[in-house]
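What follows is a short report on a single structure.
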Amino acid sequence: MTILTGIILAGGQGRRMGGQDKGLVQLDGRPLYQHVLERLRPQVDIVMINANRNIDRYQLSGCRVVQDVFEDYPGPLAGIYSGLREIEGEWAVFSACDTPAIPLNFVERLMQQRGDAPAVWVRSQSRDHPTLALIHREMAAPLYDYLQAGERRLMHFLRDHGGHAVRMDEDEAAFRNINTPDDLNNRG
């Protein structure tokens, strides 16, 4: 049996959210990451959270919390690398903590349409969503080298290493990120 790990990426600085820990920003009375956790948990065997501050608050979820191995918040690739280092199985699926309406079958669809690719990510009707991705643990070593070289471009890395997008035609709201206070207040 293959163990599939889900990893919620909550390790950023939240600059566009005024420096708040975005995963802990309240949405409908609950932290944003909990909305993602609720939708991701039934799709995977294990859930971990990548976070770099407020570790104790994320641990209240019962999930293992993994911090970035790189300092200075180098972005989602650092969270992906740190998560890939810690998984038990061969695959991890990632979701940003600010995408509270992810489809309840997006993991299954990524698995079905990955072919032989070591990484796949969601493409909605309007754009790519590379932080909604399924990535094989073999990507950890080249990702480490990429980060060490100072690179931070997630899509560039995934494409250059044989990844491809998986088209999902849900309502665009399913993939909407909440990046700013305005996004939080204007979700309609």
Side-chain angles (χ1 to χ4, degrees), residues 1-12 22-23 25 27-51 58 61-66 76-77 79-84 86-140 143 154-155 157-159 161-179 183-184 186-188:
M1 182 180 104
T2 301
I3 297 172
L4 180 59
T5 303
I7 300 173
I8 298 172
L9 297 170
K22 204 183 324 181
V25 169
L27 173 67
D28 299 331
R30 293 187 305 157
L32 202 47
Y33 88 90
Q34 285 186 1
H35 293 269
V36 177
L37 177 60
E38 178 179 71
R39 297 182 76 83
L40 183 60
R41 184 173 267 152
Q43 300 185 61
V44 296
D45 301 305
I46 298 168
V47 179
M48 297 189 312
I49 299 170
N50 165 247
Y58 286 108
S61 67
C63 297
R64 181 171 167 212
V65 178
V66 175
L77 276 175
I80 290 170
Y81 171 74
S82 301
L84 286 174
E86 300 296 327
I87 64 173
E88 293 177 34
E90 293 187 18
W91 292 94
V93 65
F94 295 87
S95 178
C97 68
D98 63 359
T99 313
I102 54 173
L104 292 170
N105 66 348
F106 95 97
V107 174
E108 176 185 1
R109 291 167 65 194
L110 288 175
M111 291 289 284
Q112 289 172 345
Q113 296 181 49
R114 74 174 174 81
D116 293 331
V120 289
W121 64 90
V122 170
R123 172 149 181 83
S124 66
Q125 295 171 10
S126 65
R127 66 182 197 88
D128 287 295
H129 301 273
T131 58
L132 294 174
L134 174 71
I135 303 175
H136 194 276
R137 72 181 310 153
E138 74 185 14
M139 297 289 274
L143 181 49
L154 177 52
M155 286 287 299
F157 174 80
L158 294 174
R159 277 200 182 110
H161 289 83
H164 65 83
V166 171
R167 180 71 184 257
M168 296 192 190
D169 289 325
E170 275 80 358
D171 180 345
E172 207 62 36
F175 306 107
R176 188 167 296 135
N177 297 79
I178 296 180
N179 288 313
D183 292 343
L184 196 59
N186 302 315
R187 296 189 336 260

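Here the closest heavy-atom approach between residue Gly79 and residue Leu9 is recorded as C-CD2, 3.8 Å. Of all non-hydrogen atoms in Ala133 and Leu110, the two that sit nearest each other are C-CD1, 4.1 Å. Across every non-hydrogen atom of Val36 and Ala96, the tightest pair is CG2-O, 3.6 Å. Taking every heavy atom of both residues into account, Gly163 and Ala117 meet most closely at CA-CB, 4.5 Å. Ser61 and Leu37 get closest at one heavy-atom pair: CB-CD2, 4.0 Å. Between Pro118 and Gly162, the closest heavy-atom pair is CD-O, 3.6 Å.
Under the rule for a ring-ring contact (aromatic ring centres under 6.0 Å, His included), the partners of Tyr81 that lie at least two apart in sequence or sit in another chain are Phe70, Tyr144. Judged as a ring-ring contact (aromatic ring centres under 6.0 Å, His included), and not counting sequence neighbours, Phe106 has no contacts. Looking at residues two or more places apart in sequence or on another chain, you find no side chain to side chain donor-acceptor pair (under 3.5 Å) involving Thr5. Under the ring-ring contact (aromatic ring centres under 6.0 Å, His included) criterion, His35 pairs with no residue, sequence neighbours left out.
To the nearest 0.5 Å, the span separating NZ on Lys22 from CG on Asn177 amounts to 6.5 Å. Between the CD1 atom of Ile8 and the CE atom of Met48 there is a distance of 11.0 Å, given to the nearest 0.5 Å. Note that CD of Glu86 and CG of Asn50 are 10.5 Å apart. Values are rounded to the nearest 0.5 Å. Between the SG atom of Cys97 and the CG atom of Leu32 there is a distance of 6.0 Å, given to the nearest 0.5 Å. Of the inter-residue distances, the one linking Gln34 atom CD with Tyr58 atom OH reads 10.0 Å to the nearest 0.5 angstrom.
Side-chain contact check for Val166 versus His164: some heavy-atom pair is nearer than 4.5 Å. Inter-residue side-chain proximity for Leu84 and Phe94 is flagged as met; some heavy-atom pair is nearer than 4.5 Å. You'll find the side chain of Val66 stays beyond 4.5 Å of the side chain of Ile7, heavy atoms only. Residues Asp45 and Thr2 fail the side-chain proximity criterion, which asks for heavy atoms closer than 4.5 Å.
Applying the salt bridge (Lys or Arg N to Asp or Glu O under 4.0 Å) rule to pairs touching residues 33-43 yields Arg30-Glu38, sequence neighbours excluded. Each salt bridge (Lys or Arg N to Asp or Glu O under 4.0 Å) pair with one or both residues in residues 115-134, not counting sequence neighbours, appears once here: Arg123-Asp128, Asp128-Arg159.
The side-chain contact (heavy atoms from CB on, under 4.5 Å) test with Ser124 is passed by exactly one of His129, Met168, Arg167: His129.
In this structure, the side chain of Gln125 engages the main chain of Asp169 through a donor-acceptor pair within 3.5 Å. In this structure a side-chain-to-backbone donor-acceptor pair under 3.5 Å is present from Arg137 to Ile87. Of the possible donor and acceptor atoms, one in the side chain of Gln43 sits under 3.5 Å from a partner among the backbone N and O of Pro103.
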Output, in order, the C-alpha distance, side-chain angles, deciding distance and verdict of side chain to side chain contact (heavy atoms under 4.5 Å, CB included) for Ile135 and Leu158.
-> CA-CA 9 Å; Ile135 303 175; Leu158 294 174; 4.0 Å; yes
Show your reasoning for whether side chain to side chain contact (heavy atoms under 4.5 Å, CB included) applies to Val93 and Leu40.
-> CA-CA 9 Å; Val93 65; Leu40 183 60; 4.0 Å; yes
Could you walk me through whether Thr131 and Asp98 pass the side chain to side chain contact (heavy atoms under 4.5 Å, CB included) test, one step at a time?
-> CA-CA 10 Å; Thr131 58; Asp98 63 359; 5.7 Å; no
